[in-house]
Amino acid sequence: MAYESVRGMRDILPQDIGYWTLLEDKVREIARRFNYREIRVPLVEHTELFSRGIGEATDVVNKEMYTFPDKKGHSLTLRPEATASVVRAYVEHGLHTVEPFQKLFYIGPMFRYEKPQKGRSRQFHQYGVEAIGSLDPALDVEVINLAWELMDSLGLKGLSLRLNSIGCAADRKQYRQILRDYFAKLIGTMCEDCQRRYEENPLRILDCKNDLCQPHIKDAPGSADHLCKSCADHFAQVENYLKELGLSYEIDSRLVRGLDYYTRTVFELVSVDLGAQDELLGGGRYDGLVEMLGGPPTPGVGFAGGMERLILVLKERMGSLDDRQRLDLFLATLGEEGRSLALDLARDLRRQGLSVDLDYRGRALRKQMAQANQLGARYLLVLGDDETASKKGKLKEMDSGGETEVMLTVEEIERVIE
RNA sequence: GGGAGCGUGGCGCAGUCGGUUAGCGCACUGGGUUGUGGUCCCAGGGGUCGCGGGUUCGAGUCCCGUCGCUCCUCCCA
């Protein structure tokens with residue numbers, strides 16, 4: 001093999017593109033229903049945007065970013081996620097001065113330097129929504145509702161939504177201490193990673209799946225039980241609205257997210273069809289992010305979903321997706337005369353919106369028929385000397401084999417095909 | 001980052017204790033008489049057996065390294 005794609009960077013071939021366009025169409029359609037507008041932000045940002053926005057201590061920033069200097073020595077980074085960029089754009093363009101409440105969505109590639117495996121590649125694609133400018137718990141629920149609607153429109157059932165609240169910055173600081181106190185005498189018996197986490201970020205201990213640690217984690221105090229009055233109220237209302245809308249969820253007091261900007265509500269949607277990467281989509285509030293990135297104090301909530309993962313589930317549940325649209329007409333040609341006529345007709349019929357193709361390999365009529373058949377052509381027209389002379393031809397309907405005699409004019413051919 | 005398994009034509013696979021020209025199915029190309037398809041029949045093209053090194057008279061088959069893929073772990077979407 002002369003060249004191979006870079007590790008973790010995959011081609012999406014025509015045979016699979018149907019899943020992608022289907023998914024993109026659904027995202028746009030559902031976003032439209034909820035009145036979210038599309039935003040497209042650059043793939044490259046100043047490194048600092050992510051190190052500050054996502055958090056210096058996170059794995060994503062620490063060891064997973066594609067960071068490089070440009071020719072002037074500025075440190076740039078291929079975006080590992082889009083929330084920071086969207087918020088940057090919100091602040092940079094003063095969107096808050098025009099209309100402080102913005103509902104936005106995006107679709108596009110992200111980059112993270114990780115070990116590739118099922119449901120995880122280095123260039124991967126996310127769709128996501130961001131609702132910036134309101135602390136209303138009903139908005140948290142709208143975002144979750146949007147996610148459910150999207151899954152529903154794709155026919156996906158049996159997914160589960162995990163929900164938690166990690167509180168405001170002050171709550172987290174306090175909760176961190178509560179966890180440290182709780183794990184203080186247990187940590188000696190727990191795994192190495194947890195010992196490190198104990199020092200760096202005890203919240204992450206809750207994520208550990210090590211058998212050594214599990215029993216202790218099971219009984220650890222949950223973050224939702226240690227919220228300030230306002231965060232507790234907020235969380236209670238989120239739950240109320242969810243129940244009101246009949247959206248199922250389960251509280252997971254061990255749910256903590258890996259990016260530092262999250263506050264209060266956090267959630268993720270998981271699927272049993274995926275292996276180790278079972279998280280289909282995840283998100284939550286980020287009430288401090290806008291201010292951290294230089295804007296006015298502004299709350300926000302959103303989520304991002306992985307498209308590769310979703311497509312894995314779709315393939316599992318839907319099986320093959322034949323999105324190939326049928327060709328309207330194949331022009332089989334014999335000789336130079338027929339070919340000229342075909343080129344003329346093809347141009348005119350294409351201008352009328354019909355999909356038309358013809359032979360470019362000088363193949364025998366038999367083979368051209370076979371090709372038309374393989375392309376799923378609805379109609380076929382043989383163009384040779386007879387047709388050129390008489391200006392008449394037989395439009396053959398491929399499925400039935402029936403033929404209709406037509407004058408070789410755009411109007412008449414179009415009339416039969418339509 | 002740690003662990004395990006796997007790497008043979010475009011795709012899916014076979015290849016027996018290492019042995020002579022590396023096979024099969026699908027796909028692809030041509031043909032089955034001169035202007036008609038999806039079935040069928042025949043023929044053909046295409047592989048330095050991931051790459052590099054080693055053992056051996058001889059390696060796709062054994063050993064080492066390397067790259068890649070898959071799964072787990074980790075992390076997250």
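None of the values given here were measured: they were computed from a predicted structure. In what follows, every chain begins at residue 1, and chains take the letters A, B, ... in the order their sequences are listed.
- Comparing B:rC13 with B:rG60, their C1' atoms are spaced 14 Å from each other, to the whole Å.
- The shortest distance between the side-chain N/O atoms of A:R257 and the OP1/OP2 oxygens of B:rA77 is below 4.0 Å.
- Rounded to whole angstrom, the span from the NE2 atom of A:H125 across to the C1' atom of B:rA77 amounts to 12 Å.
- Comparing A:R361 and A:D278 against RNA chain B, the residue whose closest nucleotide sits nearer the 5' end is A:R361.
- A:L281 comes within 4.0 angstrom of sugar-phosphate atoms only, judged by non-hydrogen atoms across all strands, and of no base.
- If you take atom C1' in B:rG10 and the same atom in B:rG3, they sit 33 Å apart, rounded to whole Å.
- For A:R112, there are no side-chain hydrogen bond (donor to acceptor under 3.5 Å, both in side chains) partners at least two apart in sequence or on another chain.
- Here B:rA77 presents its P atom at 11 Å from CD of A:E130, a figure rounded to the nearest Å.
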Checking side-chain hydrogen bond (donor to acceptor under 3.5 Å, both in side chains) for the pair A:S160/A:E250: CA distance, chi angles, key distance, verdict?
CA-CA 8 Å; A:S160 50; A:E250 51 193 73; 4.5 Å; no

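- Interatomic distance, SG of A:C194 versus CG of A:L206, reported as 9.0 Å (0.5 Å rounding).
- Counting any heavy atom pair closer than 4.0 Å across all strands shown, A:L259 reaches sugar-phosphate atoms only and no base atom.
- Nucleotide B:rC26 is matched to B:rG10 when pairs are restricted to Watson-Crick or G-U wobble geometry with both distances under 3.5 angstrom.
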Let me have a per-nucleotide readout for nucleotides 36-49 of chain B, 5' to 3', with B, S or -, counting only protein heavy atoms under 4.0 Å.
BBB-----------

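- Of the nucleotides present, none pairs with B:rU55 by Watson-Crick or G-U wobble criteria with both distances under 3.5 Å.
- With C1' as the reference atom, B:rA77 and B:rG15 are 42 Å apart, rounded to whole Å.
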Within the 4.0 Å limit for protein heavy atoms, which parts of nucleotides 65-74 of chain B are touched? Write it as a string from 5' to 3', B for base, S for sugar-phosphate only, - for none.
---SSSSBBB

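- One atom, CZ of A:R122, and another, C1' of B:rG1, lie 12 Å apart when rounded to the nearest Å.
- Residue pairs meeting the side-chain hydrogen bond (donor to acceptor under 3.5 Å, both in side chains) criterion with at least one member in residues 20-32 of chain A, sequence neighbours excluded, are A:R28-A:E38, A:E29-A:R32, A:E29-A:R33.
- Here, B:rU36 and B:rG31 have their P atoms 13 Å apart, quoted to the whole Å.
- Distance, A:L255 CG to B:rA77 P: 11 Å, rounded to whole Å.
- Scored by the side chain to side chain contact (heavy atoms under 4.5 Å, CB included) test, A:A377 finds A:L327, A:F330, A:A372 as partners (sequence neighbours excluded).
- Looking at which nucleotide of RNA chain B each of A:R363 and A:G282 is closest to, the 5′-most match is held by A:R363.
- B:rC63 and B:rG18 are spaced 11 Å apart, taking the P atom of each and rounding to whole Å.
- Listed by first and then second residue, the side-chain hydrogen bond (donor to acceptor under 3.5 Å, both in side chains) pairs involving residues 135-159 of chain A are A:Y36-A:E142, A:K103-A:E142, A:D140-A:T265, A:D140-A:R285, A:D152-A:K157 (not counting sequence neighbours).
- Under the Watson-Crick and G-U wobble criteria, each requiring two contacts below 3.5 Å, nucleotide B:rG37 is left unpaired.
- Across all strands shown, B:rC69 pairs with B:rG5; the Watson-Crick or G-U wobble distances both stay below 3.5 Å.
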Report the C-alpha separation of A:E308 and A:H125 in whole Å, then their side-chain angles, then the decisive distance to 0.1 Å, and conclude whether the side-chain hydrogen bond (donor to acceptor under 3.5 Å, both in side chains) test is met.
CA-CA 7 Å; A:E308 280 83 355; A:H125 298 77; 2.8 Å; yes

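- Atoms CD (A:Q374) and C1' (B:rC26) sit 13 Å apart, rounded to a whole Å.
- Annotation: B:rC24 and B:rA14 have their P atoms spaced 16 Å apart (nearest Å).
- Each salt bridge (charged side-chain N to carboxylate O under 4.0 Å, His left out) pair with one or both residues in residues 346-371 of chain A, not counting sequence neighbours, appears once here: A:D344-A:R347.
- Checked by atom type, the side-chain pair A:E291/A:T298 shows no donor-acceptor distance below 3.5 Å.
- For residues 376-392 of chain A, every residue pair satisfying the side-chain hydrogen bond (donor to acceptor under 3.5 Å, both in side chains) rule, not counting sequence neighbours, is listed here: A:D328-A:R378.
- Spacing of P atoms, B:rG12 relative to B:rA22, comes out at 23 Å, to the nearest Å.
- For the pair A:I205 CD1 and B:rC75 P, the computed distance is 12 Å after rounding to whole Å.
- Atom pair A:Q368:CD and B:rG31:P shows a separation of 12 Å (rounding to whole Å applied).
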Listing, residues 41-50 of chain A side-chain donor-acceptor contacts under 3.5 Å, not counting sequence neighbours, or none:
from  : atom 1 : to    : atom 2 : distance (Å)
A:E45 : OE1    : A:R88 : NH1    : 3.0
A:E45 : OE2    : A:S85 : OG     : 2.9
A:E45 : OE2    : A:R88 : NH1    : 2.4
A:T47 : OG1    : A:S75 : O      : 3.0
A:T47 : OG1    : A:S75 : OG     : 2.7
A:T47 : OG1    : A:L76 : N      : 3.4
A:T47 : OG1    : A:L76 : O      : 3.4
A:T47 : OG1    : A:T77 : OG1    : 2.7

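- Look at the C1' atom in both B:rG52 and B:rC11: the space between them is 27 Å, to the nearest Å.
- Heavy atoms of A:E268 sit nowhere under 4.0 angstrom from any nucleic acid atom.
- Atom CZ of A:F124 is separated from atom C1' of B:rC75 by 11 Å (rounded to the nearest Å).
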